[in-house]
Amino acid sequence: MTYVEREIRHLFGKAVHSYGLIDDGDRIAVAVSGGKDSVALLYLLKERLKYIPISYELRAIYIDLGFDPLMPEKIKDLLERLEVPHDIILTDYGIRAHSPENREHPCFLCARLRRMTLFKRAWETGFPKIAFGHNQDDFIETFFMNICYSGQTSAIVPKQEFFKGKITVIRPMALIPSKRISRFVETLGLPHLENPCPSAGKSSRIHIRRLLQELYKVNDKIRGNVYRAMSHVNLEYLPPPLEDGKGDRKK
Ligand SMILES: Nc1ncnc2c1ncn2[C@@H]1O[C@H](COP(=O)(O)OP(=O)(O)OP(=O)(O)O)[C@@H](O)[C@H]1O
């Protein structure tokens with residue numbers, strides 16, 4: 001086994017255990033876009049079943065966004081090669097998000113519609129736990145995006161409940177940097193597809209990504225430190241909200 005394979009399996013297992021992501025008997029819908037992250041996620045979730053004492057059921061869900069008519073067939077082929085039962089849902093969300101009818105950023109509308117459809121299908125098919133392929137860089141970039149563009153300290157989380165616990169979202173790739181996933185996918189020769197979205201690689205996230213890459217070049221500990229900083233918050237050394245009026249943080 002290569003170093004990257006060992007490393008990825010270790011980080012994946014660490015996230016699953018530390019954040020309590022998977023229970024015996026879970027029925028997990030895996031949100032698969034066909035990109036490297038979600039393909040690696042599906043592969044790792046399936047592979048783990050062979051050597052862990054608990055069991056769970058997997059079902060992949062792909063939401064086609066209407067950009068490329070060949071995509072659904074390509075995804076079907078990919079999911080058949082990975083031997084995972086799947087649902088392919090055809091929509092025009094990507095096209096609608098890029099049409100003049102939409103006044104907001106295409107990514108906002110598209111992501112919202114995609115998520116709603118994913119939740120609905122997962123719930124209807126009896127797979128109330130949904131796994132997403134967000135990697136460690138996605139966590140960090142979202143953290144900086146929210147600070148820079150929304151003025152709030154928040155990010156995405158490894159485990160989150162919706163609708164009073166009816167749906168649980170998990171992100172088992174939380175501790176794995178994007179580049180390591182690419183290396184893993186290439187080493188194992190896992191099938192994956194390019195994202196056909198015209199906005200892919202054009203969002204304001206790219207500026208943040210470039211900035212962070214520069215920082216990581218200076219010191220490779222920065223990535224891990226930023227990730228840790230998201231769960232080590234010292235509120236006493238952060239200014240209270242201005243609207244509070246008393247200079248105190250509400251208890
Ligand atoms: N069209 C889709 N259908 C189903 N799930 C999706 C789709 N697009 C994205 N997802 C899910 O949302 C996660 C984050 O989406 P994002 O657009 O940030 O993809 P990404 O970082 O390029 O990941 P990937 O390499 O898996 O495409 C994906 O890893 C996947 O789990």
Side-chain angles (χ1 to χ4, degrees), residues 8 12 15 21 28-46 58-68 70-76 78-79 82 84 86-98 105-122 125 127 129-143 145 155-160 167-174 176-186 188 190-206 208-209 212:
I8 296 283
F12 190 83
L21 302 185
I28 307 173
V30 187
V32 175
S33 65
K36 289 179 182 171
D37 298 335
S38 47
V39 164
L41 167 70
L42 186 58
Y43 177 88
L44 286 160
L45 281 170
K46 184 163 185 236
L58 296 174
R59 186 168 188 92
I61 305 182
Y62 166 70
I63 315 281
D64 186 69
L65 304 172
F67 293 120
D68 174 358
L70 301 178
M71 240 353 228
E73 200 49 45
K74 289 183 192 167
I75 287 278
K76 185 167 179 283
L78 182 153
L79 293 169
L82 292 171
V84 178
H86 50 267
D87 275 329
I88 294 178
I89 304 173
L90 304 181
T91 77
D92 61 353
Y93 297 159
I95 307 294
R96 268 165 63 192
H98 286 84
H105 192 282
C107 298
F108 291 148
L109 178 63
C110 187
R112 203 165 56 238
L113 294 169
R114 200 171 67 198
R115 188 185 177 95
M116 201 181 68
T117 303
L118 255 171
F119 278 23
K120 189 163 180 283
R121 179 59 64 98
T125 49
F127 284 77
K129 199 167 255 188
I130 308 178
F132 282 95
H134 295 100
N135 60 51
Q136 191 180 45
D137 291 279
D138 294 322
F139 277 70
I140 295 174
E141 286 164 14
T142 308
F143 181 55
M145 290 278 292
I156 46 175
V157 291
K159 186 176 183 183
Q160 194 168 18
I167 294 274
T168 303
V169 162
I170 56 168
R171 297 185 170 94
M173 314 289 270
I176 315 178
S178 170
K179 281 197 177 141
R180 305 309 291 160
I181 297 173
S182 301
R183 175 73 67 83
F184 179 73
V185 166
E186 276 147 31
L188 292 183
L190 295 179
H192 57 92
L193 300 166
E194 288 306 316
N195 185 350
C197 172
S199 295
K202 285 189 191 152
S203 70
S204 39
R205 185 175 284 269
I206 292 300
I208 300 281
R209 186 170 300 165
L212 287 165

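Atoms within each ligand, like the ligands themselves, are counted from 1 in listed order.
Side chain to side chain, S38 and Y62 fail the donor-acceptor criterion of an N or O pair below 3.5 Å. Side-chain atoms of R114 and T91 form no donor-acceptor pair, as typed in the model, at a separation below 3.5 Å.
The NZ atom of K36 sits 7.0 Å away from atom CD of E194, with the distance rounded to the nearest 0.5 Å.
The residues R59 and D87 are annotated as salt-bridged, a charged nitrogen and a carboxylate oxygen being separated by less than 4.0 angstrom. Taking 4.0 Å as the cut-off between side-chain N and carboxylate O, K74 and D68 count as a salt-bridged pair.
Counting all heavy atoms, side chain and backbone alike, I61 lies closest to A29 at CD1-CB, 3.9 Å.
For ligand 1, the 4.0 Å heavy-atom shell takes in A31, V32, S33, G35, K36, D37, S38, I61, Y62, I63, R114, F132, G133, H134, D138, ordered by chain and residue number.
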